[in-house]
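Data first, discussion second: the structure below is written as C-alpha cells.
Chain letters run A, B, ... following the sequence lines, proteins first and then strands; every chain starts at 1. Just so it is clear, the structure is predicted and the values come from calculations on it, not from any experiment. Just the heavy atoms: all of them, side chains too, but no hydrogens, waters or symmetry mates, feed the values below.
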Protein chains: 2
Amino acid sequence: MRNNTLGSLIWLRLVRFTNLSNQLSNDFLKQFNITTAQFDVLMQIHVYQPLTQMELAEKVTVTQGGISRMVSRLEKEGYIVRKQDWKTKTISLTEKGEAILDEAMPAQLAFQTSFFEDVLNEEETKTLYRLMTRVHKHSQKKELPSE
Amino acid sequence: MRNNTLGSLIWLRLVRFTNLSNQLSNDFLKQFNITTAQFDVLMQIHVYQPLTQMELAEKVTVTQGGISRMVSRLEKEGYIVRKQDWKTKTISLTEKGEAILDEAMPAQLAFQTSFFEDVLNEEETKTLYRLMTRVHKHSQKKELPSE
DNA sequence: ATAATTAACTTGATTAGTCAAGTGATGTCC
DNA sequence: GGACATCACTTGACTAATCAAGTTAATTAT
C-alpha cells in the first residue's frame, strides 16, 4: 500500500514546520513573558480594535469557546479590557498591552522573517507567498458554509 | 509602526492554513473515530515499527511527555501495544491499529492531496514542495543542538 | 407586557501539548 | 557490592484548543 502522495508530503512539511516554528517562537517570546498564541491575538486586537469576541475568533480561526478562554487569560494578565459600549461588548488593548506589543512586535517580525530570508531569495519568497495564499484561500472555501 | 513583512505574512498564512486544515481533517476523520494527531502517530508507527517512544517523539516533533500521554491514549483504545523486547520497550500496532489505518489511510491521503491539487498545477505543486522542504530543513537547524 | 427566539458568551469534559521534577531499571566506577 | 549516574519514561501543573450544553441579555412576536 502506498503511504504518501506529493500532496500528503507537502501537508506533512507544513504541519511539521508550523509545529516546530511555533515551539521556537514560544521560546523566543519567553523574554516578553508571552506565548505565540497570545502574541497573535494581541496583534489582531491591535490592528482591529475595538472589536467583539466573535470577530476576534474569526480572525484567528478559533472557536467561540477558545477565544472566550484566551480573552479571559489576557484580561487577567491585564493586557486587554472588555467594555460595554452601549449594547455591544468590545475588546481593546490596555496601556500594558500596547506596551508589550511595542516591544515584542519588531522582534517577532524579524524572528518570523528569518525563517524564510535565510534560505529563499526574493523571487522564491514571493512565489511561496503567492502559492500559500492560493492554497489557504481555497481551504477556506472547503469550510461547510455555516447556514 | 509597520506591522508586517513578507516573511510574517507567509508565516501567518502557514499558521492559519495548518490550523484550518487540521480542523477540517479532524472533522473528516471523525468517520473513523480518530483525530488527526492520532492518525499522524499511528502512521509513523506503521512505517517505522517497532520503535521506542523516544524515536516516535522525534518523528512527530513532540516532547517526551507529550508522546507518553498520546501513547497511553492509543494503548487504552487498543490501537497499539508496548512490549518489552528484552531490555528495550518497543511500540507496535495491534490488529485493530493496522485495520483502522488500512481503512483511513487512502481516504486521508486523498483528503490531504485535495488541498493542493484542486488549486495548483503539477509544476506549482512541485515548487511548493521544494520550497517548503528547504524552509523546514532550515528551521530544524535553528533548534538549539541539545548537548 | 409577557413569552419565544436568537445572538454572544461561558463553562465542563476531553484531547493535545509544554516544562520540569520524579521514578525505576540498567550500567559503571571504586 | 554499594553508591552513583544515566536513560527511558511518567506525572503534575499549566496553556490552548475542541464540542456541546448552559447562561444571559436583547429582539421580536403575540
Side-chain angles (χ1 to χ4, degrees), chain A residues 15-16 18-30 32-42 50-77 79-80 82-91 143-144 146-147, chain B residues 15-16 18-30 33-42 44 50-77 79-80 82-91 143-144 146-147:
Chain A
V15 170
R16 300 276 187 258
T18 302
N19 219 330
L20 181 54
S21 73
N22 196 57
Q23 281 168 37
L24 294 170
S25 167
N26 273 324
D27 221 60
F28 177 74
L29 289 175
K30 223 164 249 169
F32 303 108
N33 255 298
I34 221 176
T35 67
T36 308
Q38 289 166 359
F39 177 86
D40 190 6
V41 169
L42 290 177
L51 77 176
T52 67
Q53 239 172 259
M54 292 228 77
E55 291 166 333
L56 184 54
E58 206 178 299
K59 300 257 181 250
V60 293
T61 325
V62 151
T63 58
Q64 276 290 337
I67 212 69
S68 176
R69 290 180 154 87
M70 172 59 83
V71 160
S72 301
R73 272 190 296 267
L74 290 174
E75 193 175 41
K76 203 178 66 192
E77 297 288 328
Y79 294 122
I80 63 167
R82 280 185 271 197
K83 49 178 169 246
Q84 184 95 25
D85 267 345
W86 192 74
K87 222 166 79 173
T88 36
K89 245 187 266 182
T90 56
I91 298 168
E143 293 181 87
L144 0 164
S146 51
E147 13 155 3
Chain B
V15 170
R16 300 275 188 260
T18 302
N19 218 328
L20 180 54
S21 74
N22 195 59
Q23 282 168 36
L24 293 170
S25 167
N26 273 324
D27 220 61
F28 178 74
L29 288 174
K30 223 163 247 169
N33 254 298
I34 221 177
T35 67
T36 308
Q38 289 166 0
F39 177 87
D40 190 7
V41 169
L42 290 177
Q44 296 301 315
L51 78 174
T52 66
Q53 239 171 260
M54 293 226 78
E55 291 166 332
L56 184 55
E58 207 178 296
K59 301 258 180 248
V60 292
T61 326
V62 151
T63 58
Q64 276 291 334
I67 211 68
S68 177
R69 289 180 153 88
M70 173 58 87
V71 160
S72 301
R73 272 189 297 265
L74 291 173
E75 194 174 41
K76 204 177 66 193
E77 297 288 328
Y79 294 123
I80 64 167
R82 281 185 270 198
K83 48 177 169 243
Q84 184 94 25
D85 268 345
W86 192 73
K87 223 166 76 172
T88 36
K89 244 187 265 181
T90 56
I91 297 168
E143 293 181 88
L144 357 163
S146 54
E147 9 167 356

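- Contact annotation for B:Q64: base contact, defined as any heavy-atom pair under 4.0 Å involving a base atom.
- Protein atom CE of A:M54 is 10 Å distant from nucleotide atom P of C:dA7, rounded to whole Å.
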Anything under 3.5 Å between a protein N or O and an N or O of nucleotides 15-17 of chain D, put it in a table, one pair a line.
from, atom 1, to, atom 2, distance (Å)
D:dA16, OP1, A:T35, OG1, 2.3
D:dA16, OP2, A:Q38, NE2, 2.9
D:dA16, OP2, A:R73, NE, 2.9

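- Atom OG1 of A:T61 is separated from atom CG of B:N19 by 5.5 Å, given to the nearest 0.5 angstrom.
- For the atom pair CD (B:Q23) and OG1 (A:T63), the distance works out to 7.5 Å, reported to the nearest 0.5 Å.
- Note on the helix from C:dA1-D:dT30 to C:dC30-D:dG1: angle between the axes of the first and last five pairs equals 10°, rounded to 10 degrees.
- Residues B:E58 and B:L51 are not in side-chain contact: their nearest non-hydrogen atoms beyond the backbone lie 4.5 Å or more apart.
- The shortest non-hydrogen separation linking B:Q53 to B:S68 is NE2-CA, 3.5 Å.
- The shortest heavy-atom contact between A:I91 and A:T52 is CD1-C, 4.3 Å.
- Atoms CD1 (B:I34) and P (C:dA16) sit 10 Å apart, rounded to a whole Å.
- Atoms CD (A:E58) and C1' (C:dA7) sit 15 Å apart, rounded to a whole Å.
- In this structure, the CG atom of A:L20 is 14 Å from the P atom of C:dG17, given to the nearest Å.
- What you find for B:T36 and B:S25 is that their closest heavy atoms are OG1-OG, 2.9 Å.
- Atom-to-atom, CD of B:E75 to C1' of D:dT10 comes out at 13 Å; the value is rounded to the nearest Å.
- Contact detail for A:Y79 and A:L42: the closest heavy-atom pair is CB-CD2, 3.9 Å.
- We find that NZ of A:K83 is positioned 20 Å from P of C:dA8, with the value rounded to whole Å.
- Summarising the geometry, atom CG belonging to B:D27 is positioned 11.0 Å from atom CG belonging to B:N22; distances are rounded to the nearest 0.5 Å.
- The side chain of A:Q53 places an N or O atom within less than 4.0 Å of a non-bridging phosphate oxygen (OP1 or OP2) of C:dT10.
- If A:G65 and A:K30 are placed on DNA chain C by their nearest nucleotide, the residue sitting closer to the 5' end is A:G65.
- Here C:dC9 presents its C1' atom at 14 Å from CG of A:L51, a figure rounded to the nearest Å.
- Between the side chains of B:Q38 and B:R73, no donor N or O sits under 3.5 Å from an acceptor N or O.
- Between the CD1 atom of A:I80 and the C1' atom of C:dC9 there is a distance of 14 Å, given to the nearest Å.
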